[in-house]
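Order of appearance sets the numbers: ligands from 1, and atoms from 1 within every ligand. Each residue takes its place number in the sequence, starting with 1.
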Amino acid sequence: MNTAVLWRGARLFTLAGNGPWGAVPDGAMVTEGDTLRWVGPLAELPQPLRAAVGAEHDLQGACVTPGLIDCHTHLVYGGERAAEFEQRLQGASYEEIARAGGGIRSTVRATREASDEALLASATRRARELMADGVTTLEVKSGYGLAAEHEARCLRVARRLGQVLPLSVRTTYLAAHAVPPEYEGRPDDYVDALIGWLPALHAEGLVDAVDGFCDRIGFTREQTRRIFEAARALGLPVKLHAEQLSDQNGAALAAEFKAMSCDHLEHLNEAGVRAMAAAGTVAVLLPGAYYFLRDTTLPPVQALREHGVPIAIATDHNPGSSPALSLQLMLHMACTLFRLTPEEALRGVTVHAARALGLRDRGQLAAGQRADFVVWDLDHPRELAYWFGRNACRQVVQGGQVVRPDESAT
Ligand code: NIG
Ligand code: FE
């Protein structure tokens, strides 16, 4: 049987309920195993539960939020693209580089050449950096293998990450990221191929969701539709890189398939916003890619708000458009660049990020949720969006276990 553990002396920002931040000033939580059993003001802790507590932690008035969820990353890849960054600084555009065989395709070459061990080692390093920032759940996409064997390797590495680290990992199949050289000029044949690889990957338990890149340098709506139909036939949920570089009406298509999320969305139109609202699809905004590509078209944040589309924020960590390794920095940038409020930004990396991954058991501090939370060296969580380049994370609890500071690492 799991011992009940009391965490008291917390200023809780639960993000549950209707009040601002779900604040509970003299807060306490009781965890049992990996679950939150009770959350509320210490004075209201029921006596029988108090009596069952086997261990206690005094958080001494520290500010506590749910564990952060990075719901969009491309963490598994070989190499890096700093030289491409230099090319872009000299005037080449992201699209020009991609069309000339660089961009995603150059990372595909490096990924195919890397051993499984090398891919796991580099992804582990990056995951640890995100975890040091308070991340307890991480989504990882494939999409730099683009061949049956290499997509499988990348997804296995992603799964492995969740086994070697105290981290929940969700995997997304993104073989529809770019057309690989073997299929040059034959994108429809490639779409047939990647649809053909999916059942075996799914049977191996490697796929939690299916994604695509619907854009001028990605895949058309028709190709995306075929991929979504294949996902639906297997009962897999979908998401989409939509309206990043141009408006393809991809979000409306994704909404037809009840997509869990549409991501990027700088060029999203009003009809797309409405379709997402009707389907309950989350808008995942990615300020890192917007910033790093020096984009100037803002996602339609006000329209998303007005139509009640939940907004999530993620790093989009990848070597080409967002080599970002701090979700806290994304909170700041979501506010400065996209004008989110600090509370919207925090909801975007907790409760709405969970929803973008189809997870109902996390994102808030409430009884029955996973015991994933972060203790911050801050007076108020609005400071998460205020400071930048500062890591204010004091302690991370993942599945009821203290994982940071990591005593095994010292
Ligand atoms: O989310 N837009 C497509 N995929 C990535 C970039 C991938 C890359 O440049 O390697 C993104 O921005
Ligand atoms: Fe992405």
Side-chain angles (χ1 to χ4, degrees), residues 70-85 87-88 92-112 114 122-123 126 130 138-146 150 154 158 170-180 209-219 224 227 238-248 250-251 254 259-268 282-295 297 299 312-325 327 330 333 353 356-357:
D70 194 350
C71 67
H72 181 141
T73 84
H74 309 246
L75 207 74
V76 177
Y77 58 84
E80 39 70 31
R81 307 232 292 274
E84 179 183 308
F85 175 52
Q87 272 179 281
R88 286 199 294 107
S93 78
Y94 181 74
E95 278 194 62
E96 280 161 10
I97 294 168
R99 288 183 199 288
I104 294 172
R105 282 216 205 165
S106 74
T107 301
V108 170
R109 288 191 286 277
T111 304
R112 289 178 177 182
S122 65
R126 296 189 277 264
L130 291 167
L138 181 69
E139 186 253 18
V140 179
K141 300 174 196 298
S142 68
Y144 291 118
L146 309 190
H150 296 289
C154 292
R170 303 295 289 176
T171 58
T172 301
Y173 179 58
L174 178 61
H177 199 191
V179 177
V210 173
D211 197 346
F213 180 28
C214 182
D215 220 308
R216 290 187 296 238
I217 55 167
F219 295 84
T224 304
I227 295 161
V238 300
K239 22 180 72 238
L240 188 65
H241 284 68
E243 288 40 297
Q244 179 186 11
L245 307 171
S246 61
D247 183 4
Q248 305 286 326
M260 294 196 292
S261 71
C262 290
D263 304 42
H264 287 287
L265 301 175
E266 282 83 350
H267 296 266
L268 178 64
V282 176
V284 179
L285 304 185
L286 303 166
Y290 173 88
Y291 165 79
F292 195 63
L293 297 184
R294 305 185 69 228
D295 203 340
T297 306
I313 302 294
T315 59
D316 190 17
H317 177 87
N318 74 75
S321 72
S322 188
L325 284 166
L327 194 53
M330 298 304 114
M333 286 166 54
L357 297 177

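- Nearest protein neighbour of atom 2 (N) of ligand 1, counting heavy atoms only, is Gln244 OE1, 2.6 Å.
- Checked against Thr172 for a side chain to side chain donor-acceptor pair (under 3.5 Å), the options Glu139, His72, Lys239 give a single hit: Glu139.
- Atom 3 (C) of ligand 1 has its closest protein heavy atom at His177 NE2, 3.5 Å.
- Ligand 1 lies out of reach of Thr107, whose nearest heavy atom is not under 4.0 Å from it.
- His241 and Phe213 have perpendicular rings, their planes meeting at more than 60° on a 0 to 90° scale where under 30° would count as parallel.
- Look at Asp316 and the Fe ion (ligand 2): an N/O/S atom of the residue is under 2.8 Å from the metal.
- When hydrogens are left out, the protein atom nearest atom 6 (C) of ligand 1 is Tyr94 OH, 3.1 Å; that is the closest non-hydrogen contact.
- In this structure, the protein non-hydrogen atom closest to atom 12 (O) of ligand 1 is Ser321 OG, 2.5 Å.
- Distance check: Asp295 CG to Tyr290 OH gives 6.0 Å after rounding to the nearest 0.5 Å.
- At a cut-off of 2.8 Å, His241 is counted among the residues with an N, O or S atom near the Fe ion (ligand 2).
- The protein non-hydrogen atom at the shortest distance from atom 10 (O) of ligand 1 is Tyr144 OH, 2.6 Å.
- Remark: Ile217 CD1 to Tyr94 OH distance equals 5.5 Å, nearest 0.5 Å.
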